[in-house]
Amino acid sequence: MPGTQQTCRIVVLISGSGTNLQALIDELAGKTTSGQIVAAISNRPDAGGLERAARAGIATAVVNHQDFSDRDSFDAALIACIDSYQPDLVVLAGFMRILTPAFVMHFHGRLLNIHPSLLPKHKGLHTHQRALEAGDSEHGTTVHFVTAELDGGPVVIQASIPVLSEDTVASLAARVQQQEHLIYPLAMNWFIQGRLRLVDNQACLDGEPIPAGGLRLDDFETDMRVQPDA
């Protein structure tokens with residue numbers, strides 16, 4: 001178990017520009033924490049996040065899904081690649097592949113995802129468009145443990161924003177992304193510190209079950225900085 005005496009090794013999976021990866025990199029840079037991003041892996045060789053990782057001195061790898069005939073063989077190769085870095089935590093940061101149950105089970109309890117909606121609302125794609133079409137008064141983002149159910153794993157924390165009358169898909173996406181860059185580093189730090197765990201398929205913080213709807217960012221302003229190791 002990662003903790004104050006052992007570095008929590010983190011692998012981040014990306015498919016695109018890697019803005020959430022950058023938020024995680026920035027959070028750990030120069031901090032007195034026992035977490036380290038040891039690799040960034042993409043299913044796309046042209047993913048901009050690979051360059052972000054390289055600039056930060058983080059190892060990169062590509063497991064191109066187009067090189068595989070089916071999802072099972074791709075996931076098996078991806079598991080082998082991830083395992084080569086011996087991670088304590090695997091973070092999905094804009095990784096645009098649906099993962100097989102075998103993959104999810106392999107990393108059970110150490111696999112986090114961030115989704116651009118207030119789950120269980122708007123699972124899947126095009127969440128900002130769907131929020132506007134539904135006339136939602138608020139929208140946001142969710143960090144959750146990954147299970148075999150798409151976007152259905154135990155929720156850790158959510159951050160919400162009001163939907164404004166003048167909002168477009170682009171403006172809503174930009175404002176939600178700002179919240180993503182706050183709650184993902186926070187959840188990562190909780191895991192690094194040993195505070196966040198999945199116990200009997202229940203997300204727990206400091207040994208206490210997290211409510212089904214998750215925690216809210218507004219309640220954790222004092223947690224926005226990593227505390228020094230004991």
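Not measured: the values here are computed from a predicted model.
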Legend entry - salt bridge (charged side-chain N to carboxylate O under 4.0 Å, His left out) contacts in which one or both residues fall within residues 68-87, not counting sequence neighbours: none
Inset, instruction - With the side chain counted from C-beta on, respond yes when Gln158 and Leu119 share a heavy-atom pair under 4.5 Å apart, and no when they do not. - result: yes
Legend entry - Residues in salt bridge (Lys or Arg N to Asp or Glu O under 4.0 Å) contact with Asp151, at least two apart in sequence or another chain: none
Legend entry - Electrostatic pair Lys121-Asp136, nearest N-O below 4.0 angstrom: yes
Inset, instruction - Assert yes or no for the condition that the ring centre distance of His144 to His115 is strictly below 6.0 Å. - result: no
Inset, instruction - Keeping to residues at least two apart or across chains, list the side chain to side chain donor-acceptor pair (under 3.5 Å) pairs with something in residues 59-68. - result: Asn43-His65
Inset, instruction - Working to the nearest 0.5 Å, report the span between CD1 of Ile157 and CD of Gln179. - result: 10.0 Å
Inset, instruction - List for me each residue that meets salt bridge (Lys or Arg N to Asp or Glu O under 4.0 Å) alongside Asp46, sequence neighbours excluded, and say none if there are none. - result: Arg44
Legend entry - Parallel, tilted or perpendicular: ring planes of Phe95 versus Phe74, cut at 30 and 60 degrees: parallel
Legend entry - With Asn201 via side-chain contact (heavy atoms from CB on, under 4.5 Å) - residues at least two apart: His108, Thr147, Pro154, Leu198
Inset, instruction - Answer yes or no: is there a side-chain heavy-atom contact under 4.5 Å between Leu89 and Arg9? - result: no
Inset, instruction - Report yes if the side chains of Glu138 and Pro162 come closer than 4.5 Å at any heavy-atom pair, otherwise no. - result: no
Legend entry - Listed partners of Phe103 passing ring pair (Phe, Tyr, Trp, His ring centres under 6.0 Å), at least two apart: Phe107
